[in-house]
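Lettering follows sequence order; numbering is per chain, from 1. Since this is a predicted model, take the numbers as computed values, not measurements.
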Amino acid sequence: MKEILLKTDSLSKSFSSGGALQHVLRNIDLTLYRGDFTVIMGASGAGKSTLLYALSGMDTPTLGTITFEDEDISDLSQDGLAVFRRRHCGFVFQQIYLIDGMSIMDNVLAAGMLVNKDKKALIRRAEELFEAVGISQETQQKFPTQISGGEAQRVGIVRALMNSPEILFADEPTGALNSKTGLNVLDTLTRFNEQGQSVVMVTHDMRSARRGNRILYLKDGVILGECDLGRYVHGDRKRHEELSAFLAEMGW
Amino acid sequence: MKSCRHFLRKWGGSMRRSLLIARANLCRSKGQTAVILVLLLAASAMLNLWLILDMDYKSNFDRCHDRLNAEHVTLLLNSEADGLKEYVRETIEKDETAAEYCIDEVLSMVGDFPYNDGEVNTDFVILEKQAALKRQIGRIEIVEEGTYTSGVYLPMIYGMGHGYSVGDRIHMTIGNNEVSYTVCGFLNSVMAGSHNCSMSALLLTEDLYQELEEKGYAPRSMLVSVRLRDRTESEDYEASLKNAVSLQYPDIRTLSNSYTLVSSSRYISQMICAGIVSAMAFLVMLIALVVISSNVIHYIQENMKNLGALKAIGYKSGQIIQALLVQFVGVTLLTALAGIGLSYALFPAVNDMMISQTGIPYKVRFLFLPFVITIATAGGVVALAVWLAARRIKKIEPITALRQGIQTHNFRRNHVPLADTRAPLSAALALKTTLSGIKQNVTVCITMLVLSLVVVFSGVMVENMIVDMEPFVRLIVGETADS
Ligand SMILES: Nc1ncnc2c1ncn2[C@@H]1O[C@H](COP(=O)(O)OP(=O)(O)OP(=O)(O)O)[C@@H](O)[C@H]1O
Ligand SMILES: [Mg+2]
């Protein structure tokens, strides 16, 4: 029996643009479990990012509730959400969004210092993570504009993991990378997941989606279907076929 | 104790976070920071200067007045008529208003001497040096002296700048007669220390005093000096005393002044100067605030993504605003310190010019209250400006900010759409950038305009006030006390 980490109850999100109301998420009931590598797929504009932002407390839902470990986060204030994010969520963006004026190390420390006062411990944690994702000492002293896209995305992952979040959210983390560096980032995420880190990842790409053990398909703001692939094993052909079949069924 | 330590740790942590962000900001805008630094430096230097002038320079008169036990009302009676002295004595003693008084024999006459390309024309009150130094009331002090044993001591105002020096010969007219003396030194007299007091004290060494008395160029007179219980009554008392004398002795020429008159007329130029310095300080401070506010607003617009990223990783709006505050207030406090240093470096020069107007010595010393007020004002005002400009950070939602800030970026209109324009590409692009930065450009224009106004204004002021105060004072207050 899996432990429930996050649960939504008829989660809806609408945007008003030009007077017209656009319902992007419609009554989503979703449960996320601890230790899972959940993948969310769907066509462009289906509402994947919007869902991820709502789940991670970046944005507030229009209707419905989100419960994280028994705490209702759907009507927290801006500041309340900020505190929620720093404690429980790590977020990896497609465009990474490191802070320009800070060195790589400072970028990571800026996140850590929100929760932990012990600077030495923070630096130790950062160095561990940097080593795990393969960012050298030298690179740590550079600035965001001086590193490659693949390096930047791995720094993004380190920053997201600094405070040991319960869930790591990743919105198309390999979208801006070429296939080799993308693979590297995926391996990193897979490795952390194998060590027990819960991951929720949005992707367009089957090769990335294969890494997850649970695939959700989002269409027009509704979860159309889901598929349980089991733990990722490298080079598993059957897994690939299973996923292809599921996506075909969903109309991918 | 424990909670105190907890607070300090918490504070230290938030400080460190703020500094991390602040450092990143400072590195990004060196040019703007430099402009802000210069403005704040000038503003705090002028603010401190003004506070010194306003809070201490004026009270220097009272300190001097107390030190020399100076009188509140001076009455010079140009006569030795029978019974006059007794009559004055009776009149003063009859009244409770006077606390103490003294009556001295002096010589007095209208006269003039050359000074600074023109001439000083005033009533001379001529005292014998030793007697003057021993006066109980209205003591006169020597502020500079040579080794000459025979000659005249002038009010120190005539020794400032291009005035006389010890050892010079001074040719003066006393009544209708010419005399010539060696300048032995300079004196400080509170109530008769310059032509602004309506009478100028001169000290003669004993030999010359006797010689002048014998020649009869300046008739014997009585100098009545009265200290009052309440100095605010000085003008009324002056009038009533003068009135009493002229009732009984209508033919006697009298000359008088009062604490109220002298204290204001000897400081009129300082008060005007302080007013101008304060006006300029506030003006420059205002410009600094406009620049800081626009800098902060600009920063927010330019760094929308960074702000979004900070929020996304869990920074509260307050923490980001705090970082901006730490950055600006920190820089401001350091600059204000430097500005205060600058004001003390400039003060001796200003002081010399002031003394040449007031004729009263003033020692430059460090003043704590103006220091605190300058630091607090600069810091507080900058903090307020930053806070007002940075408040909008609260409205930024992380996702909107990361998506280029749809809400606050409504000024980002698409000027000169390339699809419709017929202008050549380079012209269209130039127009685009100019128009999209229009707010910035306008701020820069206004700033430059006000700054150049301040520079021109202060240039004219210095020319008028310090170099030649007299026409300016007349312009503003009309003829003052130099009858
Ligand atoms: N802040 C907003 N204001 C108005 N409409 C929005 C806003 N954010 C998202 N939308 C709309 O919501 C819909 C879903 O957007 P979302 O970014 O969630 O899609 P997505 O599934 O992530 O697509 P993609 O795969 O292209 O990233 C889109 O039609 C978009 O126009
Ligand atoms: Mg998306």
Side-chain angles (χ1 to χ4, degrees), chain A residues 13 15 17 49-50 52-54 56-60 76-103 105-119 122 143-145 156 158-163 165 169 171, chain B residues 5-30 32-33 299 302-324 327 391-407:
Chain A
K13 179 79 183 176
F15 294 105
S17 52
S49 299
T50 308
L52 215 55
Y53 293 146
S56 60
M58 293 268 193
D59 212 349
T60 44
L76 285 179
S77 65
Q78 283 280 338
D79 280 354
L81 282 176
V83 172
F84 168 75
R85 287 196 294 272
R86 71 166 78 140
R87 289 253 166 75
H88 306 291
C89 301
F91 209 106
V92 180
F93 299 92
Q94 180 174 347
Q95 285 91 352
I96 306 154
Y97 300 127
L98 296 176
I99 293 151
D100 304 344
M102 292 186 192
S103 74
M105 183 51 122
D106 280 2
N107 256 286
V108 167
L109 289 181
M113 282 160 86
L114 279 171
V115 173
N116 194 340
K117 302 269 180 289
D118 184 351
K119 208 165 167 186
L122 282 176
F143 282 81
T145 46
V158 170
R159 179 176 68 181
L161 290 176
M162 261 315 267
N163 296 331
F169 293 95
D171 192 355
Chain B
R5 212 161 50 219
H6 175 74
F7 170 80
L8 276 179
R9 263 183 50 189
K10 212 177 147 190
W11 188 78
S14 77
M15 240 14 217
R16 231 178 294 150
R17 278 195 305 271
S18 299
L19 284 175
L20 201 63
I21 302 175
R23 200 176 62 203
N25 297 346
L26 275 176
C27 298
R28 292 171 56 86
S29 54
K30 291 199 186 80
Q32 289 243 17
T33 313
Y299 165 81
E302 289 293 299
N303 289 277
M304 200 51 91
K305 272 194 194 171
N306 286 334
L307 295 179
L310 282 174
K311 285 199 164 191
I313 62 176
Y315 276 81
K316 294 188 205 171
S317 306
Q319 289 175 311
I320 301 173
I321 296 176
Q322 188 194 345
L324 281 171
Q327 172 189 348
R391 244 178 348 165
R392 67 185 58 197
I393 289 180
K394 288 193 179 152
K395 294 206 202 95
I396 300 172
E397 283 166 23
I399 295 310
T400 354
L402 288 175
R403 289 188 173 178
Q404 285 292 315
I406 294 155
Q407 285 169 324

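We find the CD-CZ distance between A:Gln95 and B:Arg403 to be 9.5 Å, quoted to the nearest 0.5 Å. Here CD1 of B:Ile313 is found 11.0 Å from CE of A:Met113. Values are rounded to the nearest 0.5 Å. Expressed to the nearest 0.5 Å, how far NZ of B:Lys311 lies from CE of A:Met58 amounts to 12.0 Å.
In plain terms, the two heavy atoms of A:Asp59 and B:Glu397 that are nearest each other are OD1-OE1, 4.1 Å. Nearest heavy atoms, A:Tyr97 versus B:Leu402: OH-O, 3.1 Å. In this structure, B:Tyr315 and A:Ala110 approach most closely via the heavy-atom pair OH-O, 2.5 Å. Minimum heavy-atom separation, A:Ile99 to B:Asn306: CA-OD1, 3.4 Å.
A:Arg87 pairs by the side chain to side chain contact (heavy atoms under 4.5 Å, CB included) definition with A:Val83, not counting sequence neighbours. Residues satisfying the side chain to side chain contact (heavy atoms under 4.5 Å, CB included) test with A:Leu52, not counting sequence neighbours, are A:Ile40, A:Phe91, A:Phe169, A:Asp171, A:Val200, A:Val202.
For chain B, the nearby part of A:Leu98 is the backbone; its heavy atoms alone come within less than 4.5 Å. Of the two parts of A:Phe84, neither the backbone nor the side chain holds a non-hydrogen atom closer than 4.5 Å to a non-hydrogen atom of chain B.
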